[in-house]
S.K.: 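I am attaching a structure below and will ask some questions about it afterwards.
Just so you know, residue 1 is the first one in the sequence shown, and it goes up from there. Hydrogens, waters and symmetry mates are skipped; everything else that's a heavy atom, side chains included, is used. These figures come from a predicted structure and were not determined experimentally.
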Amino acid sequence: MMPMFCLQVRNKLALATGLTAVLLLTYLQTGFAQNPVTSDDATVTYPADFFAQFQPYSVNDMLQRIPGINLALGGGGGSAQGGPGSSGGGERRGLGAGGDQVLINGRRIAGKGNEGNAQLSRIPASEVQYIEIIRGTSGDLDVRGGRQVINIVLTEEEANTSYAFEVNMDYNHDDTFNPGSKLSATGQNGAFNYFLSAEIEPRYEYRDGFEVSIKPDGSLNQTVKRDQLRDAQPKSVVANFGYEFDPQNTANLNLQWVDNDFNFFTDRIITDFDGADSVVRLEHDDEPTTDGSWEIGGDYMHIFGDTSRWKTLFIVNEAEQSSIRDRYILGSDSRTNDLHLNNYERYRERIVRSSYIFDLFGDQSIEAGVEGAQTLLDTSLQLGLLDENEPGNPRFGGLSPVTDSIGHVEEMRYEYFAIHNWSINDRMTLETTLLFEDSTISQEGTLNNSRDFTFFRPKVDYRYDITPAVQFRATIEKDVMQLSFRDFTAGVDSSDDEQNAFEGNADLRQTQSWRYEANVEYRLPNDAGVINTNLFLHQFEDIIDNVDVSTEDQILSARGNIGDGQRYGINLNTSLRLNFINQPNMLLTSGLMLEEPSQIDPFTGLERERSIRGGGSNYRLGFRHDLPHLSNMNWGFNYRKEFYNDFLVWDIDKIEHYPKMGSYFGWFEFQSWANLVYRIELRDSRLRCRIRTRYINGTIANGDIDEIEDSCSDAGPVWAIKIRGTF
């Protein structure tokens, strides 16, 4: 694979390297206008005055004017940062020392769905005193192990409250309009500070699709005209409260509630060409869905007289979803229900993390503590089909029972950790983490099992400021992926009309990985831009993918552990102000990620690429132009396209190939009447295409091709207008 890989990307690398060199030479020969940005090598500080000319609406608007901010926020197209085996993101394992790389007043918000990153578009810019981009490591930070940490420091006043609002309207390609709105309040009163937000966001989608099925001999088998409608408008309420009892004792409480009940409809016009004459039949699906979640998080910190400190964080959350799919065969004057699928799941987490941080010597500190977590999943699935020879049952929509599965999965996990941070000198830091994990996973219901696991997870994070502008970072980490408990029980494949449900697997083990990364970052003088290069190698153990669980009567698959695999590659990112053409308010961002993933296929025994939806090699391009002298106008766009290793999914009796589509987003914004901000956005049509090859008389390794389905669908472009203001 490697020679082909190098051949395909050689020209792209040469072009990217050449362009970067030209830009660097141009920058080195160009004078820079001074910017009010301060730096102590490890931390870059942007005072609120730096953004004054742009009159930003929110913290997020301020951040978008900072070169390289996508890297600090964990973006940059890097599967090097996420994916299987990663402890990052809302699906990470427990709270951990990492998590969201956004701090508010130096504080980590205890949450998963309600972390600091989620607040950036809600906090008014008028509340910000300054923004820090922290490039180094320190025992004083509330999060560890991130490439960079963003700290939003708010103003300090005895009593103040700021309000921000937004009203918006989406226009869809089926000529429908969907409104939304946001309202937030941020303020403080003495030692008490608070943030409140309520939001209704349109998530309407009408997807128009067409599918053609071809027989192995090339003749036409079937066509499907498919229209899908999701009428969703999630509502959320967020609240964050903080209180400083005295300089040594502070406490915070974070709340989030989300309701996303919606209806999902599907209409199909199916034309069969198998017989002498074509036959047309009509199908309609009703799938009402209830979907809601809530989360409560908090923290308490006490600072002792010797500046050591004790802090405790906790999270309690719950997410519940229930959907009932009824499929109807439509006649000229009849409506026959031939499928009933009732799917329910309830996911809960309870996590407490407590640690003590103290200085070992003047330049060294240690954080030691323990984290306990309980994770619970309750599921049920009832599948009924129309069968004239079997009696119906009310629990199965009056149809004949086929599958009746229930499940309860529970994990009790304890994590013991020690983190040593050493500032070797003014230019070097070394952070070492030793973590031992002990857990028990038990399952009851249709399947029963109980297993114990232990993991040792070390990590080393080394940083060296070669010059004030150039930083080298290297990390070695053993990581463990949080299991998807939904894979333990029978579930639903919503992407395949012909597969109503799939089996669960009570013997799953966590995917483990060793992650090796080397990173070089160059910050150009006077805030002119950032150039970043990341090399990575990830080696995986117990990868989870589809495996064979067939019986004598039926070919079946389920999620299972298939063995080892790896991925390696390079991730290049640039973010440059166009000072060399005298346009410091133009910001150009670009990125190129090249990766080679591999594993052994459990069905064929051959080496193949890994199935990583949304990941893999890609290139990105973004542009932003601020025109503060023209009604504070700004406009721009972002484009992303995956390439090379096409995304494929291997199952026991089918192979799905998803051609990679580009995605774009554009906007135009200005300030006008009543000092309000008016914004127009264009989102792409979310085109999806798939080529599915089905096999019969065996598996994909030894069976025969039954048909090839070629389908595409799109939801059309979405235009949105947003009106924002603060008071």
Side-chain angles (χ1 to χ4, degrees), residues 84-87 89-96 112 293-296 313-322 342-354 369-383 403-417 435-457 478-492 501-513 540-549 551 556-563:
S86 171
S87 59
E91 300 301 321
R92 69 182 180 275
R93 192 166 177 77
L95 276 170
K112 287 195 173 180
S293 65
W294 57 264
E295 180 175 275
I296 301 174
L313 300 87
F314 77 90
I315 287 180
V316 179
N317 61 31
E318 179 177 314
E320 189 172 21
Q321 185 180 76
S322 176
N342 190 338
N343 187 41
Y344 169 82
E345 64 179 70
R346 180 189 182 199
Y347 182 85
R348 292 170 288 167
E349 278 185 307
R350 300 155 184 169
I351 308 171
V352 177
R353 181 182 180 88
S354 186
V370 62
E371 176 175 307
Q374 180 188 39
T375 306
L376 303 155
L377 176 69
D378 295 290
T379 67
S380 69
L381 182 124
Q382 290 79 42
L383 169 63
T403 300
D404 189 2
S405 174
I406 61 172
H408 172 81
V409 185
E410 177 179 358
E411 180 182 31
M412 290 296 300
R413 181 178 57 82
Y414 298 95
E415 178 181 294
Y416 311 93
F417 60 89
L435 187 152
F436 179 79
E437 180 182 308
D438 181 18
S439 69
T440 299
I441 298 179
S442 58
Q443 181 173 355
E444 300 174 353
T446 304
L447 299 174
N448 295 274
N449 199 7
S450 180
R451 293 162 298 150
D452 296 324
F453 299 92
T454 58
F455 302 104
F456 177 60
R457 295 163 51 189
K478 173 68 178 295
D479 209 346
V480 177
M481 178 184 178
Q482 174 68 7
L483 285 167
S484 173
F485 286 0
R486 201 62 182 89
D487 294 336
F488 282 71
T489 61
V492 176
F502 56 83
E503 295 299 304
N505 186 346
D507 293 316
L508 287 171
R509 300 181 302 277
Q510 296 90 338
T511 297
Q512 303 176 58
S513 67
F540 299 98
E541 178 184 342
D542 287 333
I543 293 172
I544 296 177
D545 210 322
N546 296 325
V547 298
D548 189 349
V549 294
T551 65
L556 295 172
S557 67
R559 304 293 282 173
N561 298 101
I562 66 170

S.K.: Can you confirm whether Gln510 sits close enough to Phe455 that some side-chain heavy atom of one is under 4.5 Å from a side-chain heavy atom of the other?
M.R.: yes

S.K.: Please confirm whether the backbone N or O of Gln443 pairs with a side-chain atom of Asn449, one donor and one acceptor, at under 3.5 Å?
M.R.: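 Such a contact is absent between Asn449 side chain and Gln443 backbone.
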
S.K.: Do the charged groups of Arg348 and Glu320 touch, with an N to O distance under 4.0 Å?
M.R.: no

S.K.: Going by an N to O cut-off under 4.0 Å, is there a salt bridge joining Arg413 and Asp438?
M.R.: no

S.K.: Is it the case that the side chain of Asn561 and the backbone of Asp542 share a donor-acceptor pair, with hydrogens and angles ignored and the cut-off at 3.5 Å?
M.R.: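 Confirmed, Asn561 side chain pairs with Asp542 backbone.
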
S.K.: With a 4.5 Å heavy-atom cut-off, do Leu483 and Ile441 have their side chains touching?
M.R.: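 They are in contact (side-chain heavy atoms under 4.5 Å apart), so the answer is yes.
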
S.K.: Indicate yes or no: at least one non-hydrogen side-chain atom of Glu295 is less than 4.5 angstrom from one of Glu349.
M.R.: no

S.K.: Can you check whether Ile562 reaches Val547 side chain to side chain, under 4.5 Å on heavy atoms?
M.R.: yes

S.K.: Please tell me if the side chains of Leu381 and Thr403 come closer than 4.5 Å, counting only heavy atoms from C-beta onward.
M.R.: yes

S.K.: Looking at OG of Ser405 and CG of Leu383, how far apart are the two atoms once the value is rounded to the nearest 0.5 Å?
M.R.: 11.0 Å

S.K.: Show your working on side-chain contact (heavy atoms from CB on, under 4.5 Å) between Ile351 and Phe314 and close with a plain yes or no.
M.R.: CA-CA 5 Å; Ile351 308 171; Phe314 77 90; over 6 Å; no

S.K.: Could you tell me whether the side chain of Glu410 reaches within less than 4.5 Å of the side chain of Gln374, counting heavy atoms only?
M.R.: yes

S.K.: What's the shortest heavy-atom distance between Arg451 and Phe488, and which atoms?
M.R.: NH2-CE2, 3.3 Å

S.K.: With a 4.5 Å limit on heavy-atom distance, are the side chains of Lys478 and Leu435 in contact?
M.R.: no

S.K.: Between Gln512 and Asp479, is a side-chain contact (heavy atoms from CB on, under 4.5 Å) present by the stated rule, with each step listed?
M.R.: CA-CA 6 Å; Gln512 303 176 58; Asp479 209 346; over 6 Å; no

S.K.: Roughly how far apart are Arg509 CZ and Ile543 CD1, rounded to 0.5 Å?
M.R.: 12.0 Å

S.K.: Is there a side-chain contact between Met412 and Ser442, using heavy atoms and a 4.5 Å cut-off?
M.R.: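 Contact flag for Met412/Ser442 side chains = no.
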
